[in-house]
Colleague: 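Pasting a structure here, questions to come.
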Amino acid sequence: MSASRNVKEQIARLREEINRHNHLYHSLDEPEIADAEFDRQFRELKSLETDHPELITDDSPTQRVGAEPLAAFGQVVHEMPMLSLDNAFGEDDMRDFDRRVKTRLDSTGDIEYACEPKIDGVAVSLLYEGGKLIRGATRGDGAAGENVTLNIRTIESVPLTLMGDDYPARLEVRGEVYFARSAFERMNREAEQAGQKIFANPRNASAGTLRQLDSRETAKRPLTMFAYSVGIVEGWELPGSHAEILAKLATWGIRVNPLVKTVTGVEACLSYYDEILARRSELDYEIDGVVFKVNTIRDQQALGMLTRTPRWAIAHKFPAEEGVTLLEDVEFQVGRTGAVTPVARLKPVQVGGVTISNATLHNIDEIERLNLMIGDTVIIQRAGDVIPKVIAVVEEKRPKIAKPINLPRSCPACGSEVLQPEGEVVARCTGGLECSAQRKESIRHFASRLALDIEGLGEKLINQLVQEGLIANPADLFRLTEAQLVELERMAPKSANNLLEALDKSKATTLPRFIYALGIQEVGESTARNLAQFYRSIGALREATEESLQEVPDVGPIVAEKVAHFFQQEINKRVIDELLAGGIHWQMDESAADPKALAGQTYVLTGVLSGLTRSEAKARLQLLGAKVAGSVSAKTSYVVAGDAAGSKLSKAQKIGIPILTEEELIALLEQHGV
Ligand code: IVH
């Protein structure tokens with residue numbers, strides 16, 4: 001059955017009209033018709049398509065919403081990695097950045113920069129082929145993300161078909177998906193009224209919504225997007241500047257931030273920053289800074305990039321945000337090693353779009369330092385994702401009924417005595433593994449990513465298992481049975497099996513991970529590695545005297561005392577024996593690094609490393625017999641260049657010394673078992 005030409009034309013005309021009005025409304029914020037008229041056109045198209053289903057195409061505006069929920073997202077490997085940005089935290093950093101750019105470009109004149117607000121949302125990649133949206137993906141780790149095409153299609157400001165006729169055959173648009181503040185507030189209000197879960201902030205809401213497996217749910221939530229660059233481009237010659245690329249994207253119907261501006265010189269960048277900061281609160285979206293990009297594409301190419309960040313762009317971050325509220329109470333939480341930490345319970349307050357109701361107080365001395373009392377008006381600060389903190393008390397506002405804050409004498413979890421040894425800032429519960437809070441935390445640590453990395457064993461489940469008396473220490477984990485697990489609330493046989501499988505998988509580990517997982521006080525990841533390297537077996541470490549322990553790199557008398565003490569405790573001895581008997585194992589030679597593996601080689605570290613600290617990198621290289629020097633010379637074997645590497649890197653390039661990225665260094669270290 002073929003539809004008459006008339007119907008086809010009518011459908012085509014309606015689609016074009018609807019797309020045009022969609023664009024006017026969602027991208028340009030300049031609607032030409034009333035919502036009711038738009039709805040009428042939409043209904044008309046829908047009804048024609050219902051009568052002629054053979055004429056429905058994927059890019060029809062009626063086809064934004066998928067049907068059945070997905071079981072899982074597929075993976076998308078980015079053909080070009082999605083980079084992130086280096087940060088500038090003040091004017092000095094910005095001037096340094098500008099200076100580096102000029103030096104590298106050998107330029108004495110002012111640089112032209114494209115300036116843009118830095119949107120606090122989720123980075124995505126949209127792939128158009130022949131003008132049709134064929135794939136949407138999240139940034140993920142920059143190398144690979146998730147295929148969220150069905151969710152991206154629900155975003156009205158994302159065209160399913162590009163406008164015009166001069167678009168590239170293949171075009172990857174990159175940008176930030178976000179929730180408008182107003183839409184976010186409306187959605188949370190409605191969710192609250194319906195007794196549903198509310199989101200903490202617009203960023204979380206956009207991430208959560210984009211990762212919905214049921215795109216019909218995503219469609220109910222008004223996400224939107226700003227494009228900020230392109231990735232793959234085929235069949236089109238890039239214009240000469242970033243600003244022109246964005247302008248071109250806009251002509252194809254892609255939404256671009258209207259606050260994008262091109263300026264000349266770093267001083268003008270700083271004014272742009274001030275201008276946007278001043279307007280921050282009036283914007284209907286959250287921003288955490290502004291981004292400056294060298295505008296000329298040829299210059300961008302000349303500047304090139306580091307491992308994860310381009311040298312031609314920088315994010316100038318806004319300062320941490322502050323708020324004022326009431327300290328309603330202070331609670332004391334007990335950590336893995338019994339440390340009793342005060343946490344401020346605050347009257348909920350909005351700070352930069354996020355509701356804050358808790359803040360960390362670090363320790364009892366901090367409370368004294370701040371001169372804090374319950375009932376006080378306090379100033380709190382939040383910076384990005386870190387836990388907010390109380391930075392000051394407004395003492396003039398202290399009410400008469402303000403109450404002093406005292407360290408509890410007994411543990412809030414188990415009632416054991418709390419002691420603060422003379423001269424130490426940390427107070428501890430003396431309950432040891434008798435204390436349920438310490439048990440929970442030590443098991444949580446044992447299962448954590450850098451320890452045994454037990455997938456699916458999260459905080460809630462651990463609390464449940466401890467509460468039910470099914471586990472009291474890490475060794476008990478490996479005795480759990482399916483029958484016990486399915487008895488738990490919200491635990492289906494499938495999840496129980498997944499957990500048992502994850503537990504089984506975690507048994508194959510490494511000695512450094514195992515030592516770290518034990519949760520010995522003062523033994524972090526890098527000390528655990530040094531201990532493994534030095535003793536090479538858990539047996540030898542268990543027998544080590546305090547004296548011998550102090551020979552291990554970076555281990556002083558305090559750490560040595562803690563380690564020796566840990567292995568003397570009967571309970572710890574027993575748990576370790578049981579873990580080993582339960583099948584935890586590692587390859588013996590994995591930590592047996594050859595101290596001569598890199599003998600005779602000299603390394604120079606420069607720039608900012610992000611996966612490991614400079615001193616850690618140095619220590620690990622030295623374990624393999626390499627020398628680590630401070631300056632580059634003809635004798636240098638390799639230069640390891642982190643982000644924002646400067647003159648050492650240029651010198652190395654000039655005299656032809658091979659350069660390693662941070663990732664390559666880590667791979668090298670791991671290959672040699674350190
Ligand atoms: S450009 C090669 N521009 O910030 C540069 N990023 O830390 C790639 N972001 O992952 C990014 N607004 O999610 C750029 N106007 C903007 C941005 C922006 C927000 C995000 C983006 C990126 C992160 C970098």
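Counting starts at 1 for both ligands and their atoms, following the listed order. Not measured: the values here are computed from a predicted model.
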Colleague: Go through the structure and list residues passing ring-ring contact (aromatic ring centres under 6.0 Å, His included) with His316, not counting sequence neighbours.
Modeller: Tyr273
Colleague: Once ring-ring contact (aromatic ring centres under 6.0 Å, His included) is applied, do any residues pair with Tyr272, and if so which ones, sequence neighbours excluded?
Modeller: none
Colleague: At a heavy-atom distance under 4.0 Å, which protein residues reach ligand 1? Sort them by chain and number, would you?
Modeller: Leu83, Ser84, Leu85, Glu116, Pro117, Lys118, Ile119, Ala123, Arg139, Glu176, Tyr228, Val291, Lys293, Pro310, Trp312
Colleague: Considering residues at least two apart in sequence or located in another chain, which fulfil the side chain to side chain contact (heavy atoms under 4.5 Å, CB included) criterion with Asp98?
Modeller: Lys102, Ile111, Tyr113, Val266
Colleague: How about Met225 and Leu126: do any of their side-chain heavy atoms sit closer than 4.5 Å?
Modeller: yes
Colleague: Do Phe318 and Ile276 have side-chain heavy atoms sitting under 4.5 Å apart?
Modeller: yes
Colleague: Please confirm whether the backbone N or O of Arg153 pairs with a side-chain atom of Arg64, one donor and one acceptor, at under 3.5 Å?
Modeller: yes
